[in-house]
Amino acid sequence: MPTIIHLALRSIMNRRVTSALTILAIALSMSLLLIVERLRTGAREGFTGVISQTDVIAGARSSAIQLLLNSVFHIGNASNNASPETWEHFRRHPAVAWTIPIAMGDSHKGFRVIATNTDMFLHYHYQRDRRLEFASGRESSNDHEVVIGARVRQDLGYSVGTKLVLAHGLAVESFVKHEDHPFVITGILKSTGTPLDRSLFITLAAMGEMHADGAEHQEHQEHQEHQEHQDSKNTSHLPGLTAFFIGTKSRTDALALQREIQTYESEPMTAALPGLTLAQLWSTLSYAEEALRAVSMLVIVVGLLSMIIALYNSLNERRREMAILRALGARPWMITAILLVEAGLLTGIAVITSIAMTYTALAGATGLIAANFGLALPVTGLSGEEWLRLGVMFLTGLAMAALPAWRAYRNALVDGLTIRI
Amino acid sequence: MTKSITINALKFAYPSHEDVIDIDHLAISSGERIFVHGPSGCGKTTLLGLMSGILTGPRGSIELLGRDLQGMTPAQRDRFRGEHIGYLFQMFNLLPYLSVIENIILPLRLNRGRLGKISGSRESAPKNLAINLAKSLAETLGIDHLLDRNATELSVGQQQRVAAARALIGNPEILICDEPTSALDSVHRDRFLDLLLGMNVTGKTTVIFVSHDQSLAHRFDRTIDLSTLNRRFRASTGDD
């Protein structure tokens, strides 16, 4: 057996350019699959991990997916708001441990402003158990203080102490600015990889003060009137809520609570279970990912095929070599074994190369991907599933090499000592 | 005198063809040097394939060194060939991806028994015994300065000498040469024959040397005209 491995190795080395190209082709296709899989799991984890430990999301009547898109992904606008009274009702509900109120509608240079309270920093979890942390500063303690997300700081170059004004609505250059209500930055959050990085956080009272009546802040004229009201220092006036996140005391209460919110009589409400709704949303997006996966599988088949073709093509010119080996006492299976070992070495080296290439690519691209897509791709060791995948590819390569190997065996039996050139 | 090769009533046909070999009797003594000649198509290569145990399914019997080839399994025949037979091809004898020394010791690596025969034990042959054997053979054949070269870098004459060293390493009892000089010019051919037959001065190795070049016949103990020996060939030409 050592002789067979030695012969296979020397044979590969002899055709080192072809071998190197073959290895490169297979390794590239393998690392493509590894990276696609990493992106896939990274995207899914980043997506489903955008909100954790929240059991129910409640908002004015719409659909669960709509509610999730509005309140968690900050996509689109809620057509209706839930009243502060409803929030009051459910935050005192015996099954409820905590709530996070979310009121949106304002922006700052294209970034969303979220009016909430300090429970946001206490109870909002993402990626299972991670909480919002401050890179610098602290949470806002009064109605003229604002906390900004990591991306906001990065793009606008703000620091603690910077003063800013908010704009009404979402347009980058809004005509209506709350110029009479300036804010000062008191805290900057660390990057989370969630839409919160692109958000500014103010207190509910601050929003209430700016709008006085949050439920109808669309109208410019009204708005002006409300601003006049602000002098009356009606700080207890809370705005309507886009949503409120609920953590239950016991997870088993979530379903009952969802039902109770959906059937709440005072106001038409929708309640979403975030885990379930995220999974639904993901499954509607995942066809693209499946297509990508299928393509990378095909690329691997092509890579392995190129190896088989190279081996097969070499068979004819190697018949002479087989005859020599037979004359020296080699058994026909040894000829087969040499070809199989060659295929094994090529795919084996390709597997190792693909791992190296994958990590090089990940190391180079992780920062870029995290910054641009908010997608965390941890450079961790190969998972069991990835090893399995590489193993399957390795075995597939060997299985495909069985064809030229069998052909070589036939040749060895038929040719005997006849040297064909 | 002990017989090295004994053939009796040997008939052979390739699958779905007529017989190409029909030899009534042939006996070759141990240490004899036989020159086999005959026109193309008289079955020279086929006879060598039968003698070396690669071609399977002949009728009749072939005995090598007192052992009946027909009674062996294919695996036993392959091992027997590896241990007891040296084989020289017409040309392209060497594996292109091995160095000269690696080519020479290849039979010893493929067949532990061949090395064991020399060292006296199958298991514990000294590690550099093979290398030392190859070096002394190379020296005798005048190729010791080529040992680390790649096989493809050699001239045809050098290649045949390397092939001779490989065929002779481990002192096989039978040396089969299938027109090994046909690719050489007359000067190189004579020098190569000098070397090849000079290696065999101890007289232990039986040499079967096939060639169509009858001018070489005088250098051997006995000449066999295969076209007469092979009744099949005689019959087919008689019909013409």
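Here is how names work: the chains are called A, B, and so on, in the same order as the sequence lines, proteins then strands, and each is numbered from 1.
In this structure, the portion of B/R166 lying under 4.5 Å from any heavy atom of chain A is its side chain and not its backbone. At a 4.5 Å heavy-atom cutoff, B/P172 makes no contact with chain A through either its backbone or its side chain.
Residues from residues 7-36 of chain A that place a non-hydrogen atom less than 4.5 Å from a non-hydrogen atom of chain B comprise A/L7, A/R10, A/S11, A/N14, given in numerical order.
Around the CZ atom of A/R410, the shell of radius 6.0 Å holds no more than 12 heavy atoms that belong to other residues, nucleotides or ligands. Enclosure of atom CH2 in A/W282 by more than 12 non-hydrogen atoms of other residues, nucleotides or ligands within 6.0 angstrom is indicated. Counting heavy atoms of neighbouring residues, nucleotides and ligands inside a 6.0 Å radius, atom CD of A/E385 does not exceed 12 of them.
In terms of non-hydrogen atom pairs under 4.5 Å with chain A, the most contact-rich of B/T152, B/L55, B/I176, B/L106 is B/L106. Your options are B/L98, B/N150, B/I85, and the one with the most heavy-atom pairs under 4.5 Å with chain A is B/L98.
B/L94 approaches A/I324 most closely through the heavy-atom pair O-CD1, 3.7 Å. Of all non-hydrogen atoms in A/A327 and B/F89, the two that sit nearest each other are CB-CZ, 3.7 Å.
Here the CG-CD1 distance, from A/L328 to B/I169, works out to 11.0 Å after rounding to the nearest 0.5 Å.
A heavy-atom distance below 4.5 Å is not found between the side chains of B/D78 and A/M334. In this structure, B/L110 and A/R331 have side chains that are not in contact, with every pair of non-hydrogen atoms separated by 4.5 Å or more.
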